[in-house]
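Notes follow the structure.
Lettering follows sequence order; numbering is per chain, from 1. All heavy atoms count here, side chains included; hydrogens, waters and symmetry mates do not.
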Amino acid sequence: MSGWKALVTRLPSSFFERNTLEAARDLLGQRLVRMVDGHRLSGLIVETEAYIGESDLACHASRGRTPRTEVMFGPPGRAYIYFIYGMYYCLNVVTEPESFPAAVLIRALEPEEGREWMRERRSGRPDRELLSGPGKLCAALDIDKRLNHVDLTQDDRLFLEVGPPVDAARVTASPRIGINIPGEASEQPWRFYLADSPFVSRQPARRR
DNA sequence: TATACGATCACCT
DNA sequence: GGTGATCGTATAC
């Protein structure tokens, strides 16, 4: 019995083969691990966003099946990594059963292992800013197109582990960041984050 | 082929 | 609060 806690479990494909909103919410608190030169770089997920199907105009798959979006139509648990604004990558995890195109964007992590290595890649920025944004975390963890399509339930370079339980009271929803499309896509509360975390990409709006 | 733009970020006022 | 950097992708010609 003693020692069972030391067993580290990966998130299985059943975690991703379900409703994207549930997966996005439940990814909070889980651990993303990147192996680089035998070193573990990791962080706890504190912010996610759901992109759900061809009818979601903010989802890249709303434009149909293309070379870029093809991975979203495939099996769940794979990485969908895209290049944006000419200089950043963003990491998503594919969700829902195969042929339903959806994914969860990993927007921010609380740094754990490998902080010194991350600081080097992030120009010595403070820990709070190492992984506090989708482009930042890919830069800090050396995540780019090479890892597109990777099976996060099997791969040894990039994967997800079960993290410490998260108190449901900490979980907050809001509209997705950076979506400026007329209509409901801009308003759906499909961003999930830990409101009390200093490591999210944007702090909650000031109360007044 | 040509062009407009984006699920961002860092730095500016 | 605002804006430039920089290029793959989608779409229009």
Side-chain angles (χ1 to χ4, degrees), chain A residues 16 20-21 23-25 27-28 32 43 45-74 76 78-96 100-111 118-150 152 158 172-194 198-206 208:
Chain A
F16 307 104
T20 305
L21 293 176
R25 184 195 60 211
L27 273 167
L28 296 177
L32 179 73
I45 298 174
V46 298
E47 181 178 346
T48 61
E49 280 177 1
Y51 289 86
I52 313 174
E54 296 177 86
S55 62
D56 175 7
L57 295 182
C59 179
H60 291 162
S62 65
R63 306 275 176 177
R65 194 167 188 149
T66 68
R68 181 173 67 153
T69 63
E70 188 183 349
V71 64
M72 273 198 280
F73 289 79
R78 309 283 258 260
Y80 166 42
I81 298 168
Y82 64 87
F83 187 56
I84 190 69
Y85 293 112
M87 53 181 84
Y88 301 105
Y89 292 94
C90 292
L91 169 67
N92 299 253
V93 188
V94 174
T95 54
E96 308 269 356
F100 186 97
V104 175
L105 172 67
I106 308 300
R107 285 195 56 91
L109 308 171
E110 173 177 340
M118 298 179 203
R119 278 183 216 113
E120 277 187 32
R121 287 191 60 87
R122 293 274 300 137
S123 311
R125 292 196 163 270
D127 286 10
R128 175 164 310 204
E129 298 172 21
L130 290 179
L131 307 170
S132 58
K136 298 180 196 176
L137 71 89
C138 283
L141 300 178
D142 194 24
I143 292 170
D144 62 24
K145 271 278 172 83
R146 290 170 299 172
L147 297 169
N148 198 18
H149 293 235
V150 152
L152 298 171
L158 188 64
T172 309
S174 83
R176 294 172 291 185
I177 303 292
I179 306 299
N180 295 297
I181 300 169
E184 62 182 4
S186 307
E187 295 158 29
Q188 305 276 27
W190 290 354
R191 171 187 182 228
F192 299 92
Y193 61 102
L194 301 180
F199 301 98
V200 297
S201 66
R202 299 191 184 180
Q203 296 295 340
R206 286 291 231 158
R208 56 175 310 131

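- Each of A/His149, A/His60, A/Glu70 was compared with A/Tyr80 under the side chain to side chain donor-acceptor pair (under 3.5 Å) criterion, and only A/His60 meets it.
- Taking atom CE of A/Met72 as the reference point, atom C1' of C/dT9 lies 13 Å away to the nearest angstrom.
- C/dG8 atom C1' lies 11 Å from atom OH of A/Tyr80, rounded to whole Å.
- Looking at heavy-atom distances under 4.0 Å, A/Gly135 makes contact with sugar-phosphate atoms alone, never a base.
- For the pair A/Arg122 (side chain) and A/Glu129 (backbone), a donor-acceptor distance under 3.5 Å is present.
- Residue-level contact check: A/Arg176 touches neither bases nor backbone, having no heavy atom under 4.0 Å from any strand.
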Can you give the donor-acceptor pairs under 3.5 Å from side chains of residues 177-186 of chain A to other protein atoms, not counting sequence neighbours?
residue: A/Ser186; atom: OG; partner: A/Ile181; partner atom: N; Å: 3.0
residue: A/Ser186; atom: OG; partner: A/Ile181; partner atom: O; Å: 2.4

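- Atom CD1 in A/Ile81 sits about 16 Å away from atom P in B/dT8, given to the nearest Å.
- Whole-Å rounding puts the A/Leu91 CG to B/dC9 P distance at 13 Å.
- Rounded to whole Å, the distance from CZ on A/Arg191 to P on B/dT8 is 11 Å.
- Look at CD1 on A/Ile181: it is 9 Å from C1' on B/dA7, rounded to the nearest Å.
- Residue A/Arg63 places at least one side-chain N or O closer than 4.0 Å to OP1 or OP2 of C/dT11.
- Neither OP1 nor OP2 of C/dC7 sits under 4.0 Å from any side-chain N or O of A/Arg68.
- Backbone-only engagement by A/Ile179 is indicated by non-hydrogen atom pairs under 4.0 Å involving sugar-phosphate atoms exclusively.
- Using a distance-only test at 3.5 Å, with no hydrogens or angles considered, no donor-acceptor pair links the side chain of A/Thr20 to the main chain of A/Glu96.
- Within the 4.0 Å cut-off from OP1 or OP2 of C/dT9, not a single side-chain nitrogen or oxygen of A/His60 is found.
- Whole-Å rounding puts the A/Phe83 CZ to C/dT6 P distance at 11 Å.
- Counting only heavy atoms from C-beta outward, the side chains of A/Phe199 and A/Leu130 never approach each other to under 4.5 Å.
- Here A/Arg107 reaches the OP1 or OP2 of B/dT8: one of its side-chain N or O atoms lies under 4.0 Å away.
- Straight-line distance between the C1' atoms of C/dT3 and B/dC5: roughly 16 Å, to the nearest whole Å.
- Look at B/dT3: its Watson-Crick or wobble partner, with both distances under 3.5 angstrom, is C/dA10.
- Results of the side chain to side chain contact (heavy atoms under 4.5 Å, CB included) test with A/Asn92 over A/Ile81, A/Leu105, A/Val71, A/Asn148 single out A/Leu105 as the only residue that passes.
- When the side-chain nitrogen and oxygen atoms of A/Lys145 are compared with OP1 and OP2 of C/dT9, one or more of them lie within a distance under 4.0 Å.
- Checking B/dG6, B/dC9, B/dC11 against the side-chain heavy atoms of A/Arg125 singles out B/dC11 as nearest.
- Using a 4.0 Å heavy-atom distance criterion, A/Arg122 is classed as a sugar-phosphate-only contact.
- Taking atom CG of A/Leu105 as the reference point, atom C1' of B/dG6 lies 13 Å away to the nearest angstrom.
- Counting non-hydrogen atoms under 4.0 angstrom, A/Thr66 reaches the backbone sugars and phosphates but no base.
- Taking side-chain N and O atoms only, A/Lys136 has a distance below 4.0 Å to OP1 or OP2 of B/dA10.
- Taking 3.5 Å as the limit, the base of C/dA5 and the side chain of A/Tyr85 contain no donor-acceptor pair of atoms between them.
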